[in-house]
Amino acid sequence: MPASAEFLRADAVLVSRFGVGEPHLLLLAETSGSVDEAGTARAGRDLTDRLAADPRTAWVRGYWPHSLSELRTADRHHALVLVRFRGDERAVRSAGDDAIARYTGRSGPLRVSAAGETAVLSESERLSERGLRLAEIVTMPLVLSVLLWTFGSAVAALIPMVVGVLAVVTTTAFLRLLTDVTSVSAFAVNITTALGFGLAVDYCLLLVSRYREELAQGRAPGPAVGTTLRTAGRAVAFSGAIVAVSLCTLLVFPLPLIRSIAYGGVAVVIFSATVALLVVPALLVLLGKEVNRWDVFARLRPRGTVHAHEGAKGVWFRLAVWVTRRPAAVVLGALVLLGLLAAPAALTRFGLYGDRLLPQSSPVAQTYRELRDTFTTTASGAPSVVLPGLHATHSAEALDAYARRLSLVPSVRRVDTTTGSYRRGQQSALPPAQATRFTAHAGTWLSVDPSTRDALTPEGSRLAERLRRVPAPVPALVGGPGARLADIEHVLTDRLPIAVGFAACATFLLILMFTGSVLIPVKALLLNALSLMATFGILVAVFQEGWLAGSSFGPAGVGVTDVIAPLMFSVAFGLSMDYEMFLLSRIVEEHRRGISTPMAVATGLQHSGRLFTSAAVVFATVMASLALSDLRHLRIVGAGLAVAVLLDCTIIRALLVPAVMQLAGRANWWLPKTLNVATDTASVRPKQHSPLASSPPVGGHEDFDTGTARAPSAHKCRQGFDAVDD
């Protein structure tokens, strides 16, 4: 978050001027007797004194030695010690980890457990590393099995695996180096390594498949590699550029987790595409026809299915013919299905997961459950209202009136400050020891006790906004977890249009250059938006509402969707365009040979359908391995991206793209004259072919059976040729 965020400024003032602020660590001390018994109190004071004596500690506020009632449960079995550390994020993490290791566990009559931001980060990092190892163990054999079945050759299948492993190793090393420059989230390592492995495999899949197709047509290895680079290699280059651009949009959001994913993601995309375009062709030349050897599944597959000519009228061709003969019905049915899948998105309640990203079995999560069951304000995080320019002794009346107004705000139970405690506009006295902590020589502050149990929910965010709207005697700063959520929401909503606009414009231009068409990139953007909306609806239904919680694999709903979760769709958007390029590269190639649009779509789908489906299965397998993690963030990212690519390769690529292109007809290839020069070089269009020249003559119609245009009248043909000449 930028330093100008209000909740950060409020926290900085509380720490520097009042010696309070949001604690980094919460230690929950539990005893079978009373926390006020002599032996227990002595152990509690010793714990507090040792924490306070650490030079890394900024302040300690515990139940002992002053017996603060708000830090003790009514049954006197639990008490809290709140700790704030000095220094930057790294120093806080180091001090917090050390304190957790030293002071948690059994300490005399006390059993101490940890909660707080530092404890959550330490636990999530531990679980993230464990999840990464688990993903690697599960992913490798599954991906190799898919590739062996797809290629029908162990040699061909090993090429993507080798490049994928190189991508993972390089990404991990890059992120380790990046930690010396900026903070890198543990989640970023899991997400970007999985992304890098999946993309590397996808790119190699496209190149190796095209090379083997060229060999099957009788070409020598050298010319086959040349054709592969001109066709599939060009698609890989444009695809990598689109995915990198999509990830670059995350840099507009000033959040460490998001930016570290962007840094690692862009680096791994560039590396994966570069290795695929430089190393894979060299390997193919060296291997020659040996790339087709060792089909380990030869006995399980029908004879000739792997090496058959891909242009034959197979299942994908027949599917395209079926779709293009009833395009309106297919479009309507697909839109209804996607709409139903997207409908749960209307139930979205944005919040922050906080400790809820941890599994219920985690010791930190168990401590938080105890806190919520036994405490209210301290566990959930009370809002703080800071008045840096108001001295309580000089402006007691103004402070009193302001505190009364705050206590009347909906969802506020009590307001405490130096002038007293306020409930529904009524004042009562505070003990002097508690009242003095709210004032300093440069201002005062107020503590708000909310009725909401969890500040990291829409209710907590709305409460912070209501507090900010209350007229204050001097400029006020509202802090606390609810204010943090509100400020994050403001940053995201303010910068989201910039990110979406940049991604859409850059993608439009890249696909325009690739295809030499205006309509095709517009179609790609709209269809990808539909796919992402459906994916988001599924995530809300499963992870927020818990609609599958009764099944063996469905998680329990937590009632909110993390406000950062939608940013994952920049990754999903890039991946969707990745498979769009797989399909478009072949459709455009076939159309530039003079084939009619329906035949080009059918032939392109036949050539690439099995390819992008296999690529999607590989990538979904890699991402699904993240869903095995114990961390909710990783489960959502893994499940979301897996669902996105599977929806994309089925409903979008196999059904909607052929149907929409059939409905558009020759408009698919329309390009304004002013853009011809700009796109001729990028789209490597032969000079004698303009968008109209490669389409049927004006006035004609396209024939599916012959793949050519039926001739119209001579006059209309002349009109078409005149248009081309112009």
Side-chain angles (χ1 to χ4, degrees), residues 22-30 71 73 77-83 92-93 96-97 99-106 110-134 185-187 190 257 349 351-381 452-457 459-460 481-482 484-485 539 542-546 548-549 552-565 626-639:
E22 197 170 342
H24 292 131
L25 184 65
L26 288 79
L27 295 177
L28 176 64
E30 181 182 2
L71 300 181
T73 57
H77 291 325
H78 300 81
L80 272 176
V81 178
L82 313 181
V83 188
V92 169
R93 282 291 308 279
D97 291 345
I100 292 171
R102 284 189 182 187
Y103 303 121
T104 55
R106 178 62 64 176
L110 296 175
R111 184 179 66 84
V112 182
S113 56
E117 180 183 355
T118 300
V120 171
L121 289 175
S122 297
E123 183 73 352
S124 61
E125 186 171 299
R126 181 183 70 84
L127 293 174
S128 177
E129 291 176 354
R130 190 177 75 177
L132 181 59
R133 291 192 296 270
L134 178 63
S185 169
F187 300 119
N190 295 69
L257 169 62
R349 298 177 72 250
L352 289 172
Y353 284 148
D355 63 281
R356 286 171 299 196
L357 66 87
L358 301 174
Q360 294 185 356
S361 59
S362 165
V364 176
Q366 293 171 1
T367 302
Y368 267 104
R369 283 200 299 275
E370 289 188 61
L371 286 170
R372 291 193 179 97
D373 291 340
T374 55
F375 291 89
T376 55
T377 303
T378 304
S380 61
T452 120
R453 296 285 292 173
D454 192 342
L456 299 177
T457 60
E459 291 77 19
R484 173 159 64 104
L485 172 59
L539 293 182
V542 173
F543 290 95
Q544 176 184 298
E545 300 300 316
L548 299 179
S552 58
F553 58 88
V558 294
V560 296
T561 295
D562 197 290
V563 70
I564 298 177
L626 292 181
L628 299 175
S629 170
D630 292 325
L631 295 172
R632 191 173 296 271
H633 273 150
L634 290 180
R635 295 177 72 182
I636 287 180
V637 171

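When reading the values below, keep in mind they use all heavy atoms of this one structure, side chains included, and skip hydrogens, waters and symmetry mates.
- Nearest heavy-atom pair, Gln366 versus Ser361, reported as atom, atom and distance to 0.1 Å: NE2-O, 3.3 Å.
- Contact between Leu456 and Leu485 at its shortest, heavy atoms only, is C-CD2, 3.8 Å.
- Side-chain atoms of Val81 and Tyr103, non-hydrogen and from C-beta on, never get closer than 4.5 Å to each other.
- Remark: Ile636 CD1 to Ile564 CD1 distance equals 11.0 Å, nearest 0.5 Å.
- Every residue was checked against the salt bridge (Lys or Arg N to Asp or Glu O under 4.0 Å) condition with Asp562, not counting sequence neighbours, and none meets it.
- With values rounded to the nearest 0.5 angstrom, Tyr368 atom OH is found 14.5 Å from Asp373 atom CG.
- Between Val558 and Phe543 the shortest side-chain heavy-atom distance does not fall below 4.5 Å.
- Atom CG in Leu80 sits 8.5 Å away from atom CG in Leu27 (nearest 0.5 Å).
- Rounding to the nearest 0.5 Å gives a distance of 6.5 Å between CZ of Arg635 and CZ of Arg632.
- The shortest side-chain heavy-atom distance between Arg372 and Asp355 falls under the 4.5 Å cut-off.
- For the residue pair Pro23 and Leu82, the shortest heavy atom distance occurs at CB-CB, 3.9 Å.
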Review item, side-chain donor-acceptor pairs of residues 110-118, under 3.5 Å, at least two apart:
unit_1: Arg111; atom_1: NH2; unit_2: Glu30; atom_2: OE1; d: 2.3
unit_1: Ser113; atom_1: OG; unit_2: Thr367; atom_2: OG1; d: 3.2
unit_1: Thr118; atom_1: OG1; unit_2: His24; atom_2: O; d: 3.3

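- Taking each heavy atom of His77 and Thr73 in turn, the nearest pair found is N-OG1, 3.6 Å.
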side-chain contact (heavy atoms from CB on, under 4.5 Å) between Thr561 and Leu539, intermediate numbers included | CA-CA 9 Å; Thr561 295; Leu539 293 182; over 6 Å; no
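- In this structure, CG on Leu71 lies 11.0 Å from CG on Leu28, to the nearest 0.5 angstrom.
- When the salt bridge (Lys or Arg N to Asp or Glu O under 4.0 Å) test is applied to Arg93, the partners found at least two apart in sequence or on another chain are Asp97, Glu125.
- Between Val637 and His633, the closest side-chain pair of non-hydrogen atoms is not below 4.5 Å.
- Between the side chain of Ser124 and the backbone N or O of Leu121, at least one donor-acceptor pair lies under 3.5 Å.
- Side chain of Arg349 to main chain of Thr457: no donor-acceptor pair is present (N/O by atom type, distance under 3.5 Å, no hydrogens or angles).
- Residues Ser362 and Asp630 fail the side-chain proximity criterion, which asks for heavy atoms closer than 4.5 Å.
- Arg369 places a side-chain N or O within donor-acceptor distance of the main-chain N or O of Gln360, the cut-off being under 3.5 Å.
- Within the 4.5 Å cutoff, side-chain heavy atoms of Leu25 are placed close to those of Ile100.
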